[in-house]
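Throughout, a chain's letter reflects where its sequence line sits, starting with A, and its residues are numbered from 1.
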Amino acid sequence: MAVSADIFLDLVSIVSLPVILAIFSYVNPIIAFTRKITAAAYWVEALIIGCIFWPILMGQTQGLVINENFRIDRLAVCFLLLTAFVFAAALTHADFLFGQEETDEHGTLKSVRLKTFYLCINLFFLSMCSIFVSNNLGCLWMSIEATTLSSAPLVYFERTKNALEATWKYLIVCSVGIALALLGTVFIFAASQHGHLEQGTLIITDLISQADKLDYPLMRFGFILCLLGYGTKAGIFPLHSWLPDAHSEAPAPASAILSGALLNGALFGIWRITQIIMGSHFHNQIMQILLGMGAITVLAAALFLIRQHGFKRMWAYSSIENVGIMLVAIGLGSAALFFLQAINHSIVKVALFLLSGNIVHAGGSKKLYNLHGILKSCPAWGCLLTLGLFAITGAPPFGTFLSKISILAVLADRGSWILIGILLFATSLAFMSLSVHVGRVLFGGAKTDFQAFKVFQTSVVPIILLCCSVILGLVIFPSYWSFIK
Amino acid sequence: MILDTFSILAISSAVLAILMLGTMYLRANLNFYALHTLAIAMETAWMAQKIHDEHLYWVAFFIALLKVVIIPRYLAWVIRNIDVESDSGSFIPAPVAMLTGIGMLGASYLLSVQLSSLWGDIDSRIGAMAAMSVFFTGVLLMLSRKIAIGQIIGFLVLENGIYLFALTQTHGMPLIIEMGLLLEVLVVVMIFGLVVFRIKKSFEHIDVSRLTNLRE
């Protein structure tokens, strides 16, 4: 299938910016310039994506078929926009944070690291984009694997022993997990061959439209393997071991992107496979598995949260909790709920990771027991942290409240009271433990060696993000529920 | 039961993988890996001429080039540079691992009989058995090796198992996917190699079971 000229131009305009930036950031010797231009470019990128795909977003056109392997639908556009927004916010903050770090230490060694960081972050963005536009299970698999490879150097940014350990764990656990997803993909391909599709296909739209003809036992097996594989990447409970390590060892902007973008990407993979299952008659059993795994993940993360020592580790476990909730939304078969939870979690979690990055950098420790009295040392960060805490745990004016209560409402509508019980118990447990941990960081005597830096600049991005969260919580138009089909 | 070339190649790849469990010497492991992958490449070529599929010849060629020549060479180069000869020891001792591997081969046969309701012919059943056995062997290798290189080899065998499964059960996935997978594996191994260098430099050993700073 040939690509028509204007679609081609659209794609070039989206892809060219990260590609040029990737090359530029590696060649350009002046890092300060790279930092600023990359941050600005990602806001432009978000704008470009918004403008080009506006008709799809508004539902004026059904979707954009690029070729048989790549296709953009409404949900994909939503996630593309969210991803670009997360990257833009995190990189804007990175400009302030890395600028501070550069003045702290001697420059030369650092500049190599920053060059690699900016190179990889652009490649990471490209692989994230290709997850959302893939219409082929093979391409989807490759994109998700590519995100692992391009984000591993981000985790290793600090060049410490701990960072190296986290990177190794991240690579080996995710590679093996993703290998399972590959086996699952092979099974789904076999399911399409042993069904009534002679040649076999991996094209997602074909699989969805012919879901009834797929060989069910093979398809179910393939689904479970893909769930485990992509679930490893998303941090679903028994497979989450890499996630807290990578999130806590990566520099703050990278943790923010891992949590705010990468997890969504992996869950989007699960969503695509679920869409295929949903087309068949047998989906009930599979949806139960998704709901169950989601609930277990939320519960396990809440239990892990009780005893935490690392500041960023704590937010990583909170991400696992939210991944569980998103998995429940996927299990309900609702793209609208999935995206609502994803966007609310991403926005708040990015704000929290960036703030934590400030506090860790100023306080000189990642350990919770070494951090105290933030409200006294830097009231602005303290207040934002408090707001962020309420936002992430789902307190009312914020968007997370809306997404969580909607999921609970849908569950109540179906009469799944046990699930509601587990979710309510786990989220309240998470709220209590997070409040205790954050409370210790906020109150108490001010640390003597705490050096708050650039208070205004480093608060801007979290303020914007938290405002977005409030807006999402207060203003949701009723047509949203029919918005994403 | 008369075995044809297809079955012999499939089974020999499984047996070569099991042999890897028996030795702790990394060089020997890499040589076995190269031979084991060569069997898989030949299996691919054989499949190509059996079902008259042009693109599988290309896949066979690239497997032979990347996985039989480049990847073992590269890993051998890494081993030479970090000066490690053999695995320091393992969670599961070598003889036990090998026996378990043989047991797994049997288990794979039973599993493939279970699945035979889906695949009628004997060829794909033996293929499924070999593929599952290679997959389990990869898992065992990862469990029984302590050092980073051993884990990488385990991962590669596991990946070969998945490929063999795809080849024998679906007669090859679309060409673009196969090529993408090969490229991906190459990049993964390159990055793993670089990380191993870093681990050696920072920790002065590559025993990943001793990387426990972050454990809670």
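Applying the side-chain contact (heavy atoms from CB on, under 4.5 Å) criterion to B:T100, with sequence neighbours excluded, gives B:V96, B:L140.
Once rounded to the nearest 0.5 Å, the distance linking NZ of B:K201 with CG of A:L164 reads 10.5 Å. Atom CD of residue B:Q169 and atom CZ of residue A:F187 lie 8.0 Å apart, to the nearest 0.5 angstrom. Once rounded to the nearest 0.5 Å, the distance linking CD1 of A:I178 with CD of B:E159 reads 12.5 Å.
The environment of A:F221 atom CZ is sparse: at most 12 non-hydrogen atoms of other residues, nucleotides or ligands sit within 6.0 angstrom. Within a 6.0 Å radius of OH in A:Y26, no more than 12 heavy atoms belonging to other residues, nucleotides or ligands are found. Around CE of B:M42, the count of heavy atoms belonging to other residues, nucleotides or ligands within 6.0 Å does not exceed 12.
What you find for B:F155 and A:A179 is that their closest heavy atoms are CE1-CB, 4.2 Å. Of all heavy-atom pairs spanning B:Q151 and A:W168, the tightest one is CB-CZ2, 4.3 Å.
Contacts of B:L194 with chain A are absent, with no heavy-atom separation under 4.5 Å from either backbone or side chain. B:Y163 does not touch chain A: none of its heavy atoms, backbone or side chain, sits under 4.5 Å away. The contact between B:V196 and chain A is made entirely by side chain atoms (from C-beta outward), counting heavy-atom distances below 4.5 Å. For B:I199, the parts lying near chain A are the backbone and the side chain together; criterion is any non-hydrogen pair under 4.5 Å. Proximity to chain B (any heavy atom under 4.5 Å) is shown, for A:A166, by both the backbone and the side chain.
Proximity of A:Y156 to B:V195: side-chain heavy atoms (C-beta onward) are nowhere separated by under 4.5 Å. Between A:E145 and B:V188, some side-chain heavy-atom pair lies under the 4.5 Å cut-off.
For a heavy-atom cut-off of 4.5 Å, chain B lies close to no residue in residues 124-135 of chain A.
Ranked by non-hydrogen atom pairs under 4.5 Å with chain B, the options A:T185, A:L149, A:L202 are led by A:L149.
Put simply, the residue from A:V186, A:L182, A:N136 that forms a side-chain contact (heavy atoms from CB on, under 4.5 Å) with B:I177 is A:N136.
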Next item on the list: Please lay out, stage by stage, how B:F192 and A:I172 fare under the test side-chain contact (heavy atoms from CB on, under 4.5 Å).
Entry: CA-CA 9 Å; B:F192 271 137; A:I172 201 90; 3.9 Å; yes
